[in-house]
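One structure is given below, encoded as structure tokens.
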Amino acid sequence: MEQKGHHSPSYQALIKAGPRLKPLQQVQARLVVSGFGRSRSLLTKLLSLACAAGSIAYVRRLFFFIPNPDAFLFDTLIKQTSKFSFSIDSLLFYRRMILSKFSPSNYTFTAVIKSCADLSALKLGRVIHTHVFVRGYGLDVHVQAALVSFYAKSCNLSVARKLFDKMPEKTVVSWNSMISGYEQNGFAKEATGLFYLMRDLSVKPDSTTCVIVLSACAQLGAIGLGRWVHEYIVAQALDVNVVLGTSLINMYARCGQVGKAREVFDSMTEINVVAWTAMISGYGMHGYGTQAVELFHQMRVHGRRPNSVTFVAVLSACAHAGLVHEGRQIFKSMRQEYGLMPVVEHHVCMVDMFGRAGLLNEAYVFIKEVIRERPAPAVWTAMLGACKMHKNFDMGVEVAEHLLSVEPENPGHYVMLSNIYALAGRMDHVEMVRNIMIRKSLKKQVGYSTIEVDQRTYLFSMGDKSHPDTHEIFQYLDELMSRCREAGYVPESEWVMHEVEEEEREYALRYHSEKLAIAFGLLRSSHGMTIRIVKNLRMCEDCHSAIKFISVITNREIIVRDKLRFHHFKGGSCSCLDYW
DNA sequence: CTAGGGTTAG
């Protein structure tokens, strides 16, 4: 008679089969034949491996034939399905468990709440939250952490925070859930703020905390805090695995230090697709197209398959570096060699690439012939950008009008159309577009810039007077700009529309957020230090030209990351070579 | 017998 438990031959056979569908089915067949087909513990293990194998259909079939599933089997099933992102199945098994009169435990809840979080299923999650109360698990640390992250992922940050604040006992994971909630919703400042609080309360950050905080640093361009985290990792001898390594690469690249990013990349023992992609995109953002393409080809040498995201990264690198030939080849290889179907994001990269290079007709032909179905608005937006960059008035107006008919509520299209009219000197049309915007009460997206000084991030918006040293900053900026004018800087004609409101217009150009942030940075840092700015939108031409002059007269290197890429200003020129 | 939080693009 075969023994039971973890040493039984059947159990060993399952372990040996591992998370692979075919071998699992063979073991299952033998179980049935040998009479062990009804052993619940073996079936539980089999189900769990089937989930890991990614075959939800097999899991469903297996479950159907299990005569008496117990609570443990349900728990395992719900846990594994949620872990491998079969969120809906996980919820359905939860429902079955309740209907079968089993009591869900704290283990059940952690898993099922994660599924709700992954689906952003707010209503259902709330219902399950009431189940948690009814069953008396409201104070369980694990369940609470899951709930915090569920509410955060469902865009209910204030609810998440209330739960977090009320937690009687907070573990690192509780902190991580809340910090990550802020970070993933784009509230990087709140994320770092909570991290500082955690540090002040002497809660020891672990490697997950580091990953989350590094992402926040990447968002903010907070190199000081990012370096601190890196030093902490080294001091604590935390294991730099792929995930942590990738977040370091991402942080350094997005904070303007590609070289440091590459050092981390080279020091990593295991490199997966995500890490390769992060490094490629890092090069791309800085305009180092050749390095990006080279790395992309090295991936193949190392036997790693690029995924869809990798292609976005490398194609956008080609676009920003004018590598049309390489980009075209890589795009072709996407389907032919890797069997990946290009989607909107890739099309946008291609149109952007042709457009930047001045090949407007190629871009147009690409849209008409390569993209078969109705091209997405994002594709036309890229085309419009190219028309503006190369001052193609007729095509620009046509594209803009098309975009406005498809997305009449998108303020970005109006701003672009108006700028094109302004460039062509059609002031009557500029006014007209502006009036439409006012009538529809469409507001341009608010621009802001951040700068980090002494590991604290400061935020400036246009004409911002909220800073305590406002007077000093404005005075210094005025002085700086007059020195720029003496050196030959000519402010851009005021008619290009950046701001819709009349009062804002006067102010707009002189006090754009990046100029304020730079003035503040120059005041607060010692001579020779690089100034690093992050801007949420793209930089305007006037600021771009002004910063070139500022870099000369103050003899400083100024690095600006805008919505799309990096600009390294040094000695009067910019690394983007005026194409951005 | 199990748990909660983590990386890449635009």
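Residue numbering restarts at 1 for every chain, and letters A, B, ... go by the order of the sequence lines.
Closest approach to the Glu345(A) side chain among dA3(B), dG10(B), dG5(B) is made by dG10(B) (side chain taken as heavy atoms from C-beta onward). Checked against dG6(B), dA3(B), dG5(B), the side chain of Val211(A) finds its nearest nucleotide in dG6(B). When distances are taken from the side chain of Val243(A) to each of dA3(B), dT7(B), dA9(B), the shortest belongs to dT7(B). Of the candidates dG4(B), dG10(B), dT7(B), the closest approach to any side-chain atom of Asn250(A) belongs to dT7(B). In the set dA9(B), dA3(B), dG5(B), the nucleotide with an atom closest to the side chain of Lys114(A) is dG5(B). The Asp140(A) side chain lies nearest to dA3(B) when the options are dG5(B), dA3(B), dT7(B).
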For residues 256-269 of chain A, dump all side-chain donor-acceptor pairs below 3.5 Å to protein atoms at least two apart in sequence or in another chain.
{"from": "Arg262(A)", "atom 1": "NE", "to": "Asp266(A)", "atom 2": "OD1", "distance (Å)": "3.1"}
{"from": "Arg262(A)", "atom 1": "NE", "to": "Asp266(A)", "atom 2": "OD2", "distance (Å)": "3.3"}
{"from": "Arg262(A)", "atom 1": "NH1", "to": "Tyr283(A)", "atom 2": "OH", "distance (Å)": "3.1"}
{"from": "Ser267(A)", "atom 1": "OG", "to": "Val264(A)", "atom 2": "O", "distance (Å)": "2.8"}

Under 3.5 Å, side-chain donor or acceptor atoms of residues 193-201 of chain A against the rest of the protein: list the pairs with distances, not counting sequence neighbours.
{"from": "Tyr196(A)", "atom 1": "OH", "to": "Gln455(A)", "atom 2": "O", "distance (Å)": "2.6"}

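Atom pair Met178(A):CE and dG6(B):P shows a separation of 13 Å (rounding to whole Å applied). The interatomic distance linking Ile212(A) (CD1) with dT8(B) (P) rounds to 12 Å, in whole Å. Taking atom CG of Asp562(A) as the reference point, atom C1' of dA9(B) lies 15 Å away to the nearest angstrom. Note: CG (Asn185(A)) to P (dG5(B)) measures 15 Å, nearest angstrom. Taking atom OH of Tyr151(A) as the reference point, atom P of dG5(B) lies 15 Å away to the nearest angstrom. Rounding to whole angstrom units, CZ of residue Phe331(A) and P of dA9(B) are separated by 20 Å. Rounded to an integer number of Å, the gap from Ile78(A) CD1 to dT2(B) P is 17 Å. As a whole-Å value, the separation of Met279(A) CE from dT8(B) P is 14 Å.
Nucleic acid contact for Ser207(A): base, since at least one base atom lies under 4.0 Å from a heavy atom of the residue. Within 4.0 Å of Arg565(A), counting heavy atoms only, lies no atom of the nucleic acid at all. Using a 4.0 Å heavy-atom criterion, one finds that Gln184(A) contacts the sugar-phosphate atoms exclusively. Residue Ser316(A) is classed as a sugar-phosphate contact, given heavy-atom separations below 4.0 Å to backbone atoms only. At a threshold of 4.0 angstrom between heavy atoms, the contacts of Val348(A) with the nucleic acid are absent.
Using bins of under 30°, 30° to 60° and over 60° for the plane-to-plane angle, the ring pair Phe311(A)/Phe296(A) lands in the perpendicular bin. Note: Tyr151(A) and His129(A) have tilted aromatic rings, judged against thresholds of 30 and 60 degrees for the angle between ring planes. Aromatic ring pairs are classed by plane angle as parallel below 30°, tilted from 30° to 60° and perpendicular above 60°; the pair Phe74(A) and Phe102(A) is tilted.
Ser90(A) and Ser115(A) share a donor-acceptor pair across their side chains, judged by distance under 3.5 Å alone.
Not a single donor-acceptor contact under 3.5 angstrom links the side-chain atoms of Ser247(A) to the base of dT7(B).
Side-chain N/O atoms of Ser281(A) include one lying less than 4.0 angstrom from OP1 or OP2 on dA9(B). Contact between the side-chain N/O atoms of Ser149(A) and the OP1/OP2 oxygens of dG4(B) is not found at any separation under 4.0 Å. Distances shown here put every side-chain N or O of Arg254(A) at or beyond 4.0 Å from the OP1 or OP2 atom of dT7(B). At least one side-chain nitrogen or oxygen of Lys153(A) sits closer than 4.0 Å to the OP1 or OP2 atom of dG6(B). One finds a side-chain N or O of Lys79(A) lying less than 4.0 angstrom from the OP1 or OP2 phosphate oxygen of dG4(B).
A donor-acceptor distance shorter than 3.5 angstrom exists from the side chain of Asn536(A) to the backbone of Tyr448(A), with no hydrogens or angles considered.
Scanning all heavy atoms of the two residues, the minimum distance from Tyr232(A) to Lys204(A) falls at OH-CG, 3.6 Å.
Using a 4.0 Å cutoff on non-hydrogen atoms, the parts of residues 160-177 of chain A near DNA chain B are Thr171(A), Val173(A), Asn176(A), Ser177(A), ordered by number.
Taking a 6.0 Å sphere around NZ of Lys170(A), one finds it holds more than 12 heavy atoms contributed by other residues, nucleotides or ligands.
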